[in-house]
Amino acid sequence: MSNAVSLLTALLIAVLAGGAITAYLWLYRRRRSETQAGIEALANMRWREFSRLVVEALQPRGFEPESVEQTLERGSQPEELRLQRDGRPWLLSCKQGHANYQVSAAVVAEFANAVRFAGASGGVLATPGRIAPAEVRGIELERYDGPALWALVSPLLPESLRNDLTASTRKRVMRETLFGWAAAIVLGAVASLLLPDPPRSVEAQPAAPVAAATAAAAPPAAVAEPALTAPADPNREQYERAEVMRMVSSLPSVERALWSTSSTLLVYQLREDDEADVKEICTILERYAFLRSSRLQLQPPPGSDKRVRFLQCKTY
């Protein structure tokens with residue numbers, strides 16, 4: 001029963017942990033991985049290709065583009081493109097770099113000055129990396145970096161590229177899911193070993209010890225009362241010890257008897273040593289082959305100046 005409970009506990013912990021890991025990987029980690037893969041794909045583009053993609057993505061937001069060639073012919077900065085929005089000029093700066101690239105606050109301030117110098121109404125700053133927080137006054141400045149840039153341009157990417165990114169991410173998440181379930185199974189096994197065993201139900205004791213205990217509580221009987229036949233069960237020794245305690249305690253000169261150790265019977269006497277009583281105790285022990293070599297510890301009655309005596313019945 002204990003093994004079944006441990007197995008059930010391990011299975012439950014493994015299922016809960018595996019389910020939590022799977023939900024995290026597919027509902028959160030997969031989307032984040034797809035976004036990261038898309039950002040890395042943008043970072044690997046050539047600047048002209050990247051800039052055209054950003055310009056195209058800005059058109060639904062009211063921007064009308066000026067070609068890269070026209071901007072370069074006018075002598076503008078290579079990374080700054082001119083746009084039109086509501087008939088007013090805007091400046092676009094595409095900062096190409098790796099996914100961990102960061103556009104510093106100083107670069108943001110420099111771009112804001114370029115927007116003012118060009119007489120533009122505002123500016124758009126785009127990068128696959130990150131844009132450091134920077135306060136800009138007097139102009140409108142739209143910023144697209146990392147996940148925000150991916151959300152802007154991903155609908156315009158070729159379907160084949162998006163499918164490749166999705167398939168690559170799914171393979172990675174599937175592999176991580178398998179590792180996660182393996183870890184969940186190990187966690188369940190370890191937890192089942194560390195958890196304490198459930199309490200066992202109290203089973204009924206064999207009839208023989210109960211009968212012996214009941215007999216011990218009964219009024220003293222005659223010493224000559226024969227011993228009951230011991231039942232053929234694993235509790236024979238326990239039964240015989242209880243019988244010895246009951247019969248010795250029933251002697252007139254004994255207050256009570258109990259086993260202080262497995263081989264020593266402690267007898268509390270009510271009167272001074274009486275060799276007849278000792279012989280009677282030994283006669284009782286002689287009835288049980290396993291206990292006949294036990295040692296007696298005779299405790300003198302209260303107020304007696306005699307010492308405790310130890311003796312063995314085989315000497316009598």
Side-chain angles (χ1 to χ4, degrees), residues 1-12 189-316:
M1 185 64 179
S2 178
N3 292 336
V5 172
S6 298
L7 180 60
L8 182 60
T9 301
L11 181 61
L12 179 61
V190 172
S192 66
L193 294 176
L194 296 179
L195 290 175
D197 292 335
R200 298 181 180 179
S201 58
V202 179
E203 300 179 356
Q205 296 293 329
V210 174
T214 304
V223 178
E225 179 182 354
L228 298 177
T229 303
D233 58 36
N235 296 288
R236 181 184 183 86
E237 179 184 349
Q238 181 180 359
Y239 165 78
E240 293 181 352
R241 289 182 182 277
E243 278 293 281
V244 169
M245 290 170 51
R246 178 185 69 82
M247 298 181 68
V248 172
S249 298
S250 66
L251 296 175
S253 61
V254 176
E255 178 184 1
R256 68 181 184 277
L258 53 89
W259 291 97
S260 59
T261 67
S262 61
S263 60
T264 302
L265 179 64
L266 174 59
V267 179
Y268 289 88
Q269 296 178 297
L270 291 176
R271 62 189 181 189
E272 298 293 341
D273 292 342
D274 189 332
E275 295 301 322
D277 291 338
V278 174
K279 290 183 179 181
E280 186 65 32
I281 295 174
C282 291
T283 301
I284 294 173
L285 288 173
E286 186 67 25
R287 300 179 186 181
Y288 304 99
F290 182 78
L291 301 175
R292 64 181 54 169
S293 61
S294 300
R295 183 176 63 167
L296 295 181
Q297 178 181 344
L298 302 177
Q299 189 74 23
S304 174
D305 57 355
K306 288 192 174 183
R307 296 183 178 181
V308 177
R309 291 178 60 197
F310 292 91
L311 54 89
Q312 285 188 308
C313 290
K314 64 183 179 179
T315 61
Y316 278 79

To the nearest 0.5 Å, what is the distance between [atom1] on [X] and [atom2] on [Y]?
{"X": "L265", "Y": "Q297", "atom1": "CG", "atom2": "CD", "result": "9.0 Å"}
{"X": "L298", "Y": "S253", "atom1": "CG", "atom2": "OG", "result": "9.5 Å"}
{"X": "I284", "Y": "K279", "atom1": "CD1", "atom2": "NZ", "result": "15.0 Å"}

Please enumerate all residues that pass side chain to side chain contact (heavy atoms under 4.5 Å, CB included) together with [X], with sequence neighbours excluded.
{"X": "L258", "value": "M245, R256, L266, Y268"}
{"X": "S262", "value": "R241"}
{"X": "S263", "value": "T261"}

Do [X] and [Y] have side chains that get closer than 4.5 Å, going by heavy atoms?
{"X": "Q269", "Y": "D277", "value": "no"}
{"X": "S294", "Y": "T264", "value": "no"}
{"X": "M247", "Y": "R287", "value": "yes"}
{"X": "L285", "Y": "L296", "value": "yes"}

In chain order, what residues pass the salt bridge (charged side-chain N to carboxylate O under 4.0 Å, His left out) check against E286, with sequence neighbours excluded? R292
Minimal heavy-atom distance between S249 and A257, with the atoms involved, is OG-N, 3.0 Å
